[in-house]
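Below is one structure, written out as structure tokens; the observations come after it.
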Amino acid sequence: MSRQTLDDTLTCIARLDKASTLAQIADVVVDVARPFGFSHVLAGIIPVPGMTAEQQISNVVLHQWPQAWSERYFTQGYLFDDPTIHRVNTSTEPFLWSELEPTYRNTPTPTRIMGEAREFNLGCGFTVPMITLDGQTAGFSLASERAEVPPKVRRQLQLIAMHAFARALAQKYNSAPVNLTPREMDILQWMAEGKSDWEIGVILKVSEHLVDKIARQLRAKLNATNRTQTVATALRHNLIR
């Protein structure tokens with residue numbers, strides 16, 4: 001990375017640190033990426049199979065994407081057949097969407113998804129896979145109709161994406177408090193310790209059935225589909241001591 005590129009990156013990071021809303025963070029990212037041809041950004045935790053469209057949408061932390069495409073994408077369940085999501089789940093290396101074309105060329109559904117994205121001027125994209133501190137997979141994508149990312153720029157965009165995503169996570173979860181009862185807090189804490197429903201019931205002197213019921217309440221409040229995701233989301237909300 002050249003001195004000028006480093007200076008530009010540090011300037012962008014300073015701007016991201018000053019951004020006080022998710023929209024402002026997205027604006028800074030798009031502004032920095034625009035010289036390379038990008039006009040849209042989307043970033044979030046990658047949903048797991050079984051999540052509803054609403055739960056998938058709730059995992060998004062930065063959204064400056066064509067709204068009509070987002071609605072079609074999530075309501076039609078495209079996420080789990082999207083070749084970019086498959087790559088994010090299997091690699092940590094940034095990639096251009098064009099590099100994936102050979103992997104899905106003869107597969108109808110991924111081909112259709114990528115083709116439909118072009119209808120919304122999202123034919124060219126650059127995605128940065130990430131792993132969060134709580135072990136979940138995340139993706140950060142820049143896209144437009146046309147763009148050019150020289151090899152020397154990839155590292156710069158990767159650094160900016162990682163910092164922007166961290167800022168967005170903090171902004172989203174610090175500004176969206178979740179209210180839990182004392183009993184829910186107790187059970188959540190023991191879930192984070194890796195205790196089973198039966199073990200928690202013994203510790204708290206309540207029935208296993210009650211623990212299971214409250215665990216389901218926690219999943220609903222935290223928009224999670226399983227125990228691991230419940231704990232991970234609680235960590236982001238600073239609910240676990």
Side-chain angles (χ1 to χ4, degrees), residues 22 42-63 70-92 109 127-141 162 165-241:
L22 294 174
L42 183 76
I45 303 294
I46 303 301
V48 297
M51 275 191 162
T52 65
E54 291 75 16
Q55 290 173 320
Q56 292 176 35
I57 292 169
S58 74
N59 273 19
V60 174
V61 295
L62 288 179
H63 187 286
S70 290
E71 291 174 359
R72 181 191 299 186
Y73 186 91
F74 288 112
T75 57
Q76 296 298 315
Y78 284 176
L79 186 141
F80 300 112
D81 291 305
D82 185 339
T84 68
I85 300 300
H86 175 73
R87 176 60 64 89
V88 167
N89 281 329
T90 56
S91 173
T92 57
T109 301
T127 295
V128 178
M130 288 176 272
I131 303 295
T132 67
L133 291 176
D134 50 36
Q136 295 194 87
T137 304
F140 189 107
S141 291
M162 294 173 71
F165 187 72
R167 289 280 296 122
L169 276 181
Q171 180 67 35
K172 177 173 181 176
Y173 291 102
N174 288 342
S175 62
V178 176
N179 296 316
L180 300 182
T181 66
R183 178 64 80 190
E184 288 172 334
M185 286 294 294
D186 286 341
I187 289 176
L188 178 61
Q189 190 69 38
W190 287 113
M191 286 171 61
E193 295 286 338
K195 302 297 184 182
S196 68
D197 287 354
W198 179 82
E199 290 172 320
I200 295 172
V202 171
I203 293 168
L204 298 179
K205 297 181 173 58
V206 298
S207 70
E208 184 177 357
H209 173 75
L210 178 61
V211 175
D212 175 67
K213 177 182 177 181
I214 293 177
R216 283 186 275 114
Q217 289 174 190
L218 287 167
R219 287 198 295 273
K221 284 189 176 183
L222 295 171
N223 219 1
T225 58
N226 56 44
R227 200 181 194 90
T228 300
Q229 196 170 52
T230 298
V231 172
T233 304
L235 284 168
R236 289 199 295 273
H237 279 284
N238 294 317
L239 293 171
I240 296 173
R241 298 183 293 275

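Because the structure is a prediction, the values reported are computed rather than measured. Here, residue 1 is the first one in the sequence, and each next residue gets the next number.
When side chains are defined from C-beta on, Thr137 counts as touching Ile131, because their heavy atoms get closer than 4.5 Å. Side-chain atoms of Tyr78 and Ile85, non-hydrogen and from C-beta on, never get closer than 4.5 Å to each other. In this structure, Leu188 and Leu180 have side chains that are in contact, with non-hydrogen atoms separated by less than 4.5 Å. The closest side-chain heavy-atom distance from Ile57 to His63 is not below 4.5 Å. Between Val128 and Phe165 the shortest side-chain heavy-atom distance does not fall below 4.5 Å. Between Val61 and Ile45 the shortest side-chain heavy-atom distance does not fall below 4.5 Å. Gln217 places a side-chain heavy atom less than 4.5 Å from the side chain of Ile214.
Between the side chain of Lys172 and the main chain of Val60, a donor-acceptor pair closer than 3.5 Å is present. A side-chain donor-acceptor contact under 3.5 Å links Thr90 to the backbone of Arg87.
When every heavy atom of Glu199 is checked against every heavy atom of Lys195, the shortest pair comes out as OE1-CA, 3.4 Å. Ala192 and Ile240 get closest at one heavy-atom pair: CB-CD1, 3.6 Å. Across all their heavy atoms, Leu210 and Val206 have their closest contact at CD2-CB, 3.8 Å. For the residue pair Thr127 and Ser141, the shortest heavy atom distance occurs at OG1-OG, 2.6 Å. In plain terms, the two heavy atoms of Phe80 and Val48 that are nearest each other are CZ-O, 3.4 Å. Closest approach of Ala138 to Thr132, counting heavy atoms only: CB-CG2, 4.3 Å.
How far CD of Glu193 is from CD1 of Ile200: 10.0 Å, rounded to the nearest 0.5 Å. Separation of atoms CD1 (Ile46) and CG (Asn59) is listed at 8.5 Å; rounding is to 0.5 Å. Annotation: the span from Arg183 atom CZ to Lys213 atom NZ amounts to 12.0 Å, rounded to 0.5 Å. For the atom pair CD (Gln189) and CD1 (Ile203), the distance works out to 11.0 Å, reported to the nearest 0.5 Å. Rounded to the nearest 0.5 Å, atoms CG (Leu22) and CG (Leu169) are 9.5 Å apart. Atom CG of Asp212 and atom CD1 of Ile187 lie 9.5 Å apart (nearest 0.5 Å).
Other residues, nucleotides and ligands contribute at most 12 non-hydrogen atoms within 6.0 Å of the NE2 atom of His86.
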>> Does Met130 form a side chain to side chain contact (heavy atoms under 4.5 Å, CB included) with Phe140? I'd like the steps, not just the answer.
In response: CA-CA 8 Å; Met130 288 176 272; Phe140 189 107; 3.4 Å; yes
> Trp190 and Val211: side chain to side chain contact (heavy atoms under 4.5 Å, CB included), yes or no, with the steps?
Replying inline: CA-CA 11 Å; Trp190 287 113; Val211 175; over 6 Å; no
>> Walk me through whether Leu79 and Met51 qualify under side chain to side chain contact (heavy atoms under 4.5 Å, CB included).
In response: CA-CA 11 Å; Leu79 186 141; Met51 275 191 162; over 6 Å; no
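One finds a salt bridge joining Asp197 and Arg227 here, because a Lys/Arg side-chain nitrogen approaches an Asp/Glu carboxylate oxygen to under 4.0 Å.
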